[in-house]
Structure formats: structure tokens, C-alpha cells
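Comments concern the structure below.
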Protein chains: 2
Amino acid sequence: MAASLRQLRAYALLLQERNFTRAAAAMHLSQPAFSALIGGLEETLGVRLFDRSKRHVAPTVEGADFEPAARRVLTEFDSAIAGMHDRATLRRGRVSLALLPSLAAGWLPGVLARYRALYPGIAVDVADVLSEPCIERVMTMQADFALAAVRAETPELQAQVFCADDFHLVCRADHPLAKAPEPIRLRDLAAWPFIHLSRTSSVRQYLDAAFRPQAMDTVMEVDQLATVMGMVRAGLGISVVPALALFHFEQPEIATRPVRLPGLARRIYLVRRRDRSLSLAAQALHDMVLAERPVPVRSRRR
Amino acid sequence: MAASLRQLRAYALLLQERNFTRAAAAMHLSQPAFSALIGGLEETLGVRLFDRSKRHVAPTVEGADFEPAARRVLTEFDSAIAGMHDRATLRRGRVSLALLPSLAAGWLPGVLARYRALYPGIAVDVADVLSEPCIERVMTMQADFALAAVRAETPELQAQVFCADDFHLVCRADHPLAKAPEPIRLRDLAAWPFIHLSRTSSVRQYLDAAFRPQAMDTVMEVDQLATVMGMVRAGLGISVVPALALFHFEQPEIATRPVRLPGLARRIYLVRRRDRSLSLAAQALHDMVLAERPVPVRSRRR
DNA sequence: CGATCTTACGGGATTCGTAAACATA
DNA sequence: TATGTTTACGAATCCCGTAAGATCG
């Protein structure tokens, strides 16, 4: 005969009430049914837990000594259930997201503000890294899902198009290209001093595929888009950046123009593991992220 | 709908088997019944704990995170039950006994040796103190029961006769009284130098009631029976001690003779609380103590 | 097609509540 | 006698196992 939690609850209740009738009422049970619970527990343990010889019920030595263990079990159980219930109702949890720095700085904050307002108990872990580390984090399960510029379709990963991201010219507002007639084509840029991003960036890889490097007038190569912005604003050169990064260049001295590109526009993919389902917290963020995809940004002519 | 321990066990089993059929078998349950346990747990928690889409069952993020809490609850529960079962079967426990030093040194060791052999897991706490502190310890529940020379019948305490304890003369083997004809009466001792115990001892109180103190030839007053023995052996005087303390005087140079006393013999009482039942460990010692009451010790004439 | 989980349903054990018996101060 | 626990018993519930259905590789 195995003991049950119900019996432990009856025991704990009787220990504080010291009266079968009241304890039974507290458990919404008839007194005989309650008595059977206590009796059953005593039988499975092989020990009498309460003396009910006299007017008031009193625990035996064994009955008193059992209290700490019994209460520990009950509270552990309840908190375990409550903890999972909190996760079920999104009052607790954790979600980790890996995404491109441009998305992380420009588009994500608004989404996360709404997410946190809805689910203040959920901890959010953001990794703002380039596409390759994004994918790597999903692979190693450091991130629940990622927004990256790589269509990572492997046995472990699945990818879906998240949004299209076209390229834009950035230059000083007083630069000739700032007022050149539409459409601006890639070859129109080749003559001008150019600020490149590092070779690991997806923009650069796209440009390297379109041009032979030596066909361009490369002024320098930097890692951060913010640095590109500074160089352009200083008149050191022009550059081409994805629409999602244009927020860096919303400055009076800088103009941005759409560039007509051969082939398809760059795409951002939502990448997640194929085998693992998302946690509830991750699923909620996933759904919100899809519902609030970035809207195309308009370039500005100066 | 409340969660049950059974569901937690099913969960823990499925987590390590990752297969409903095997886990069900391990629980001696049909697979559908097992499935219902998991389903019920998932419903009460409001979270899907396992993905069973593909060939093998895999825990969801929530399902994996639930493991530590669930296992903790299960092990706490099992150890709580096992702990009480150990106490029920006297494999564990504690008993504390208060008794007169003479009993503690002369009679108790043999009893405790048998008790410990039967119940090696039970810790025994012995207080070898005089009658008053014995009773005090039972009152304050520092001792489960006591063997003392006081019939402590109060609303809290009940006493039963444990054994009778008659008094014996102790003197040097070459003392005239060692070979005096039976019976030796108390008045036969008045003429000889006498070693008294302190006034708190029950022997002394008995003698003070029988004689006026000034009627005796008091040599000195000591606290310990072992000291009495040393004094007597040195020929400084004679004394009277309870039969239970005679083991101190089993020495070649010392003779012991029964003394015929007016009134009843001294009695040792077993004293316990009236309201509290004894713990199982205490009850076992209680029964053994009663079964092995001291047998009357024979005095020796030299 | 085979392995595996879920759904459907009848039978059996457990548990409940009412009523009566029993114990104690 | 009044309060409070145990016993007795019919009824509702819950849980299990068998069998059929659904799904995925």
C-alpha cells in the first residue's frame, strides 16, 4: 500500500487543527472520509501518528517528528506545480534570441517593449551578432531562434523568409549622387571613393559578388555601421547599407537613396531548430516578431 | 484538477525512457493508462511536456525544465516515507532514559547491550542522575521515562512499582558485624562509626526517618557510593546501601549483610508522562526494562 | 507496413457521504 | 449527556485494461 499526497495533506491539516471534524471541513471532506485518510497513512507507515484517546487529538512522538519532512514534501510539490503553471501562463520563463545588430538596434526595441509589457516575468536574452554566430547559437541551443541573413536549411535547422531587405546608397547630402536621377544603379557608384564593411558582413559579401573588388575605389574597411556613418558624414566616401541599417544614417548631413540591384534583394530569415519545439515564452516572442516584421524604410533625398 | 504524485512518477519515468510503451511497462501499467497520466499532468500544468510527433519521444523545453523540481519532490517524498517506515520497524529512532546512578551502573548495561543488539539503529540517551532530576527530566520531556525512588503521581505523571530494593549493611570483612547472627536489625548498627551519604540520597532520607541523626555515630558524609566503598574498605566505618548498589562493594575485604528494616522496603518506580504515549523506540525499551527487572542481590558474609 | 501514441468504452477498485455505533470527560 | 471518532454500507467516481483508430517514418 503506497502513501499519497492527499494523506500527507490530511496529516498536515490535522496537525494544526488537532481536531478531525475541523480538519475534515478544511479539506471539504466528510469527517469519516478524512479519518480514513489518516488511518490509511498510519497503516502504510506502520506507525500511529495521533493519539485520539482523550478529548483533543495529539500527535504521538512519531507523528510530531514526521512534520518537517511532510511539510517539505508538500511545499516542494506545490511550488513545483505553481512554477510550471507560471510558465504555462507566461508569468515566468526565458527566451533567447539571436539577430543581426542592425535589427537589434533599429527594429527590435519596439517589439521587445511590447513583449515585456505583456510578459514582464519573462527574461529575454538578446545576442546582437552577425549572421554566422546567429546560426551557431541556434545550433548550440544558446538561442531559441534567430533572425539572420543566411538561409540555414540543414537537417537540424529550418529557415523561413522573415523580410526582404534592399540596399541603399548613403552619402553626404551635398554629394552629386544625393540628387542623381532615379534609378541609381550599382555601376553608378563604382567611380566614387567607397567605405567598405568587413568581409564577414552580408552586405560586403553581396557587393563582392557583384563587383570585382579592384573595380571599386575602396577608401577603407571598417567593422561597425556607426563608423561607416561617421566616415560618410565626414565626406570620406560613400557606402551601401541594408535598409534595416538606415536608422544609423538619419542625420541632416546625410542622404540615403535606394539602389536598384541586379538579382534578388537580400533576405532576412527566421531560423530555428527543426527537432525542438519552442518554449512557450519563445513561441510568444516568435509570434510577436512575425506579426511585427519591419516595414520597408523610405530613403531620403537631400 | 490537481496533480498527483503518480503523474510525477510517470513523468520522471518517461523522461528517462523516452518511450511510452517501455515507461508504462516499468510502471506495471498499460500504455494507454500511462498515456493518460502524462496527458493529465500536462493538462493540469497547462503545458505540453513532451513532443511525441516523431519516432522518439522528446521533452519540450518546459518538460526538461520541470525535471529537477519533479525529482526533488519524488525523492523527498520517498525518503520521508522510508524514514518513518524505518522508525516503525525500529531501525531508527531515539529513546532517552533517566535512572538512578546505581541502576545505571549495575543493572542497565546488560539490558542496554541486549537492546542495542536488537535495535542497533536506535540512539539511546541515558541520564544517570538522582531521583529528583530523574522526575524532572520526564516532566520536561527530556526523558521518555525514568526509574527513580520517588512515587511521582501527579496530573502529568504516572508511576508504577518497578522493583523493591532492600537495604544492606556494608563493612570490612573483619568487622564484628560481618559475622553477627541473623537477623541484623537497624539498632545493631547504631553503635558503630557510620559513613553517611548526602541528605539528598534516598537511602539517607530513609535512615534519617528511622533514626534521629544524633543517635548515630556519624564519621562523615560523602556524595558518591564509590567513596563510601573506599571509606568502608579502609575501616573508617560501616554503612547501609540499597541492594542495587551492592555491586560497588563486591570486593574481597568487604562483607555485605541484609538488614531487617522496620516498615516497607525502598521501592523503585517506573515513572512516565500520563498524557504522552511512548515513542516506538521508547516503548520497546520500556518493555524490555520491565521484562528484565533486577533480581534481588544476595549479600555476602565474610 | 510497422511501430507508437491516442481515443473509446466496459468492468472493477477506490473513495465518498450518510447513518449508526462507540468512547470519553 | 455532549462532543468527537470509528464502523458500516450503498453510491458515485476514478482508474485501469482491451480494442479500435490515427499518425509518422
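Letters A, B, ... mirror the listed sequences (proteins, then strands); counts begin at 1.
For residues 81-90 of chain A, the set of pairs meeting the salt bridge (charged side-chain N to carboxylate O under 4.0 Å, His left out) definition, not counting sequence neighbours, comprises D86(A)-R91(A), D86(A)-R92(A), R87(A)-D65(B). Within the structure, side chain to side chain donor-acceptor pair (under 3.5 Å) pairs that include any residue of residues 116-138 of chain A do not occur (at least two apart or interchain).
T60(B) meets the side chain to side chain donor-acceptor pair (under 3.5 Å) test with no other residue; sequence neighbours excluded. Under the ring-ring contact (aromatic ring centres under 6.0 Å, His included) criterion, F77(A) pairs with no residue at all, not counting sequence neighbours. Taking the side chain to side chain donor-acceptor pair (under 3.5 Å) definition, one finds that R274(B) meets it with E153(B), sequence neighbours left out. When the side chain to side chain donor-acceptor pair (under 3.5 Å) test is applied to R22(A), the partners found at least two apart in sequence or on another chain are E17(A). In terms of the salt bridge (charged side-chain N to carboxylate O under 4.0 Å, His left out) criterion, residue partners of D78(A) (sequence neighbours excluded) are, by chain and number, R9(A). Take T75(B) and apply the side-chain contact (heavy atoms from CB on, under 4.5 Å) test, not counting sequence neighbours, and it matches no residue. Every residue was checked against the ring-ring contact (aromatic ring centres under 6.0 Å, His included) condition with Y269(B), not counting sequence neighbours, and none meets it.
Rounded to a whole Å, the CZ atom of R274(A) is 15 Å from the C1' atom of dG25(D). Taking atom CG on D51(A) and atom P on dT24(C), their separation rounds to 12 Å, with Å as the unit. dG2(C) atom P lies 23 Å from atom NE2 of H56(B), rounded to whole Å.
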When you compare the protein's N or O atoms with those of nucleotides 1-3 of chain D, which come within less than 3.5 Å of each other, and at what distance?
unit_1	atom_1	unit_2	atom_2	d
dT3(D)	O4'	R55(A)	NH2	3.0

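Between T21(B) and dA3(C) there is no side-chain N or O to OP1 or OP2 distance below 4.0 Å. Distances shown here put every side-chain N or O of R52(B) at or beyond 4.0 Å from the OP1 or OP2 atom of dT4(C).
D165(B) contributes a side-chain N or O that, together with a main-chain N or O of L244(B), makes up a donor-acceptor pair within less than 3.5 Å.
Between its opening and closing five pairs, the helix from dC1(C)-dG25(D) to dA25(C)-dT1(D) changes axis direction by 30°, a value rounded to 10 degrees.
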Where protein sits on nucleotides 7-19 of chain C, one letter per nucleotide: B base, S sugar-phosphate only, - none, heavy atoms under 4.0 Å
B--------SBBB
List the steps, then state whether side chain to side chain contact (heavy atoms under 4.5 Å, CB included) holds for V126(B) with L108(B).
CA-CA 10 Å; V126(B) 173; L108(B) 184 65; 3.9 Å; yes
